[in-house]
Amino acid sequence: MELQVIQNKIYEIRGQRVMLDFDLAEMYQVETRALNQAVKRNMKRFPPDFMFRLSPDEWNNMSSQIVTTYPTKRPKSATPYAFTEQGVAMLSGLLNSDIAINVNISIMRAFIAIRNVLAAAKESDLLPTLIDRIKALEEISEETLAAINDLSEDNRKEFDDIYLALAELAAKHKQVSKPRNPVGFRKTDD
């Protein structure tokens with residue numbers, strides 16, 4: 001399995017890099033329900049620093065950011081389990097198929113690759129540069145949004161002026177459409 005595919009399924013939650021139960025089940029080619037049942041039968045192997053269940057708020061925030069249809073694949077009442085690197089390693093002892101073993105090796109390599117990239121970024125002072133770039137982009141985004149808001153306000157004012165002019169024209173039209181008294185002399189038959 002490609003490292004990039006696995007790395008895209010590693011999230012940072014509660015300050016820890018984790019993988020979610022449905023992603024692991026998909027990679028191991030088992031149902032999420034089966035994976036969770038195996039975990040529940042062996043809960044002693046999964047202390048809180050190996051695995052934890054997402055809170056409903058965490059899951060709602062995550063599922064709104066994940067573009068795929070994961071929320072529809074699980075019951076609304078159940079939030080996913082998040083497995084840390086140690087929890088994923090512990091899963092390898094529960095799922096003893098060839099696929100599970102190969103996928104687990106790939107997952108461990110992905111966690112190591114992420115750790116190496118972060119360590120290299122810290123050593124090369126690349127991280128502060130990236131942080132500065134992100135801040136600059138955020139400032140540019142805020143300036144752009146402010147400009148859009150200003151344009152929207154200007155457009156709103158122009159539309160208000162147009163609506164006001166149309167309302168005045170409509171009022172004048174009502175006055176014009178009333179029957180007028182004829183101008184001039186009336187002819188009498190006397």
In T32, T79, N36, the residue satisfying side chain to side chain donor-acceptor pair (under 3.5 Å) with D21 is N36

For R53 and R14, work out which heavy atoms get closest and say how close.
O-NH2, 3.2 Å

Answer yes or no: is there a side-chain heavy-atom contact under 4.5 Å between L20 and W59?
yes

For D49 versus Q86, what's the shortest heavy-atom pair and its separation?
O-OE1, 4.2 Å

Can you tell me how far CZ of F111 sits from CG of N116, rounded to the nearest 0.5 angstrom?
13.5 Å

Are side-chain heavy atoms of F46 and L91 found at a separation under 4.5 Å?
yes

I162 and side chain to side chain contact (heavy atoms under 4.5 Å, CB included): which partner among D160, L164, L166?
L166

What's the shortest heavy-atom distance between R33 and E31, and which atoms?
NH2-OE1, 2.7 Å

Could you check whether any side-chain heavy atom of M90 comes within less than 4.5 Å of a side-chain heavy atom of L94, counting everything from C-beta outward?
no

Locate the shortest heavy-atom distance separating A82 from L54; write the atom from each residue and the value.
CB-CD2, 4.2 Å

Would you mind reporting whether F83 and L35 have side-chain heavy atoms less than 4.5 Å apart?
yes

When you compare the side chain of E85 with that of M108, does any pair of heavy atoms fall below 4.5 Å?
yes

Heavy atoms of other groups near R109 CZ, more than 12 under 6.0 Å:
no

So do the side chains of L24 and I107 get within less than 4.5 Å of each other, counting heavy atoms only?
yes

Could you go step by step and tell me if I6 and M19 meet the side-chain contact (heavy atoms from CB on, under 4.5 Å) rule?
CA-CA 9 Å; I6 296 171; M19 294 187 76; 4.2 Å; yes

Rounded to the nearest 0.5 Å, what separates atom CG in D23 from atom OH in Y11?
4.5 Å

Starting from I114, can I reach I112 by hopping between I/L/V/M/F/W/Y residues whose side chains sit under 4.5 Å apart?
no

Spacing of CZ belonging to R45 relative to CZ belonging to F50, to within rounding of 0.5 Å:
11.0 Å

Applying side-chain contact (heavy atoms from CB on, under 4.5 Å), name anything that partners Q16, two or more places apart in sequence or on another chain.
V18, F52, T84

Let me confirm one number: the CD-OH distance from E168 to Y163, rounded to the nearest 0.5 Å.
15.5 Å

Hey, what do you get for CD (E138) to CD (E143), rounding to the nearest 0.5 Å?
12.5 Å

